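To start, the structure itself, in structure tokens.
From a predicted model like this one, the values you see are computed outputs, not experimental measurements. Just so we're on the same page: letters track the sequence lines, and every chain starts at 1.
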Amino acid sequence: MSDDSIRDLLRALAEADATAEASPEIEVQLRKKFRSRKRRRAWRGITLWALWAPLAAAAAIVLLFVFVNRKPATAPVNPVPSDTAAAPSLEQAVPPQPASPPTIMQMRKSGAARPPQPEEIVTDFFPLMDPAPPFERGKILRVELPASAMEMVGLPVHAEHLTDSVQADVLVGEEGLPRAIRFVKFERK
Amino acid sequence: MTEAARRRPNDNQMNESDEILLARMLDGDEEAFAALYRRRQGPVYRFALHMTNSVAAAEDITQEVFLALLETGHRFDSSRGSLLSLLYGIARNHALRRIEKSWRMEPAAVIEDEPGVEDVLNDVMRRETVEQVRQAVVSLPPMYREAVVLCYLENLSYEEAAAVLECPVGTVRSRLSRGRVILAQKLIRHAVRAAYE
């Protein structure tokens, strides 16, 4: 039997079956399944929303709480011109040194974990920008400054100590601008 | 509205490509799904029918193919082949699974030289009906059957068939060649048997 004969026979079969189709019931069933699947997906979406909405609300409340608690550290208390902070030179923490302790009224003990000796005492933060642009995140840099810098934020310093070095923490925003400063004193236990 | 009219896709849907209908279907458009089904169910059904020789199995497979399209249609990548090739591929997997389930050991076809074969062939050409050809196709081993069905009954090109069968074009050609030889042998046997009855 030649190839052509076989092809002819197959062609005859193809022509005979050319109009063969699945019965209409198949389409009806498929449409039903399509609708049911669509409903199921919609319901799944609602369920997911119902699950995630309370979680999102809880997360928002936590973030708000954190934000409110952090705000005092950056809020302007006693605004000073921003050029006050133009001078600081960045350095690592330096050993304790004599400062003018009696004149600093707002000193408080730092709650942060520090090496036990000597103990670090810091002032509140003093804002360096007025008005301060919105603040989201930043870094605290430990710097060494002349004691005269304390006068610029309103802290009294004895004249003979104006050229002494003091330690300070500068809060720098993510855009690189100094936002606030606090002064550090080391006190031996 | 008659059943035929209800089943007839409207003009807009007729003009839209498979890909657009698929995208609309995945967006939840039932009419797009129906249009795609009406356009492509025929070839899928006929392929399944020729592979299984069972109307019920062919309808089941057709349904399974379009359900699979609903579930996995978002993975379709037109750069890897046409949507019809994808549908044939899904149908093929389902058909082969059914064939494996109902597999009956069949003696391997052996090509033999028979005396006076040309005379018999002429007789075959006269006597054989479409139904006998169908039976011969269905009795082919699946690997030849699917190539024969796609290329000779569904008129796919060798390249399209190769994409569906996930094999090189050369393999399609060799399977077709071998399939034709086996078909010829089966039809001759049938004719010989019929001549003695």
Open item on the list: Grouping I, L, V, M, F, W and Y whenever their side-chain heavy atoms are under 4.5 Å apart, do B/M143 and B/L156 come out in a common cluster?
Closed with: yes
Open item on the list: Determine whether A/D17 and B/L153 satisfy the following criterion, side-chain contact (heavy atoms from CB on, under 4.5 Å), listing intermediate values before the conclusion.
Closed with: CA-CA 9 Å; A/D17 288 348; B/L153 302 185; over 6 Å; no
Task: B/V172 reachable from B/Y88 in the ILVMFWY side-chain graph, under 4.5 Å edges - done: yes
TODO: Examine whether an atom of B/V137 lies under 4.5 Å from a heavy atom of chain A, and if so say whether it belongs to the side chain, the backbone or both; otherwise answer neither.
DONE: side chain
Task: Minimum heavy-atom distance between B/G28 and A/K38, given as atom pair plus value - done: O-NZ, 2.8 Å
Open item on the list: Set out, in order, the CA-CA distance, both residues' side-chain angles and the distance that settles side-chain contact (heavy atoms from CB on, under 4.5 Å) for B/T62 and A/L30, then state yes or no.
Closed with: CA-CA 10 Å; B/T62 304; A/L30 280 169; 5.8 Å; no
Open item on the list: With a 4.5 angstrom heavy-atom cut-off, is it the side chain or the backbone of B/V148 that approaches chain A, or both, or neither?
Closed with: side chain
Open item on the list: Can you give me the closest heavy-atom contact between A/A12 and B/V130, atom names plus distance?
Closed with: O-CG2, 4.0 Å
- [ ] Verify side-chain contact (heavy atoms from CB on, under 4.5 Å) between A/I26 and B/Q41, making sure each step is shown before the conclusion.
- [x] CA-CA 10 Å; A/I26 302 297; B/Q41 58 90 15; over 6 Å; no
TODO: Check step by step if salt bridge (charged side-chain N to carboxylate O under 4.0 Å, His left out) holds for A/R31 and B/E31.
DONE: CA-CA 9 Å; A/R31 276 178 176 265; B/E31 290 312 311; 3.1 Å; yes
Open item on the list: Restricting to non-hydrogen atoms, name the atom on B/Y152 and the atom on A/A14 that form the minimum distance, rounded to 0.1 Å.
Closed with: O-CB, 4.0 Å
- [ ] Could you check if a side-chain atom of A/I6 sits within less than 4.5 angstrom of a side-chain atom of B/L187, using non-hydrogen atoms only?
- [x] yes
TODO: Indicate if A/L13 and B/F47 have the same hydrophobic cluster label, given that clusters are the connected sets of ILVMFWY residues with side-chain heavy-atom separations under 4.5 angstrom.
DONE: yes
Open item on the list: Rounded to the nearest 0.5 Å, what separates atom CG in A/D3 from atom CG in B/L183?
Closed with: 10.5 Å
- [ ] Indicate, with yes or no, if B/L49 and B/Y144 share a hydrophobic cluster defined by side-chain heavy-atom contacts under 4.5 Å among Ile, Leu, Val, Met, Phe, Trp and Tyr.
- [x] no
Task: Residue part contacting chain A, namely of B/E154, when any heavy atom lies under 4.5 Å - done: neither
- [ ] Taking all non-hydrogen atoms of both residues into account, name the closest pair between B/A34 and A/E27 and its distance.
- [x] CB-OE2, 4.0 Å
TODO: Just give me the residue among A/R7, A/R11, A/Q29, A/E15 that pairs up with chain B most often, heavy atom to heavy atom, under 4.5 Å.
DONE: A/R7
Task: Check ion pair A/E21-B/R46 (N to O, under 4.0 angstrom) - done: no
Task: Closest heavy-atom pair and its distance - A/F34, B/L70 - done: CD1-CD2, 3.3 Å
Open item on the list: Check for me, please, whether B/Y37 and B/L86 land in the same ILVMFWY cluster - side-chain distances under 4.5 Å, paths through other members count.
Closed with: yes
Task: Part of B/R180 lying under 4.5 Å from any heavy atom of chain A - done: both
- [ ] Identify which part of B/L69 has an atom lying under 4.5 Å from any heavy atom of chain A, answering side chain, backbone, both or neither.
- [x] neither
Task: Worked verdict on A/E25 versus B/E59 for side-chain contact (heavy atoms from CB on, under 4.5 Å) - done: CA-CA 10 Å; A/E25 284 71 32; B/E59 292 201 332; over 6 Å; no
Open item on the list: Tell me whether B/E166 at atom CD has more than 12 heavy atoms from other residues, nucleotides or ligands lying less than 6.0 Å away.
Closed with: no
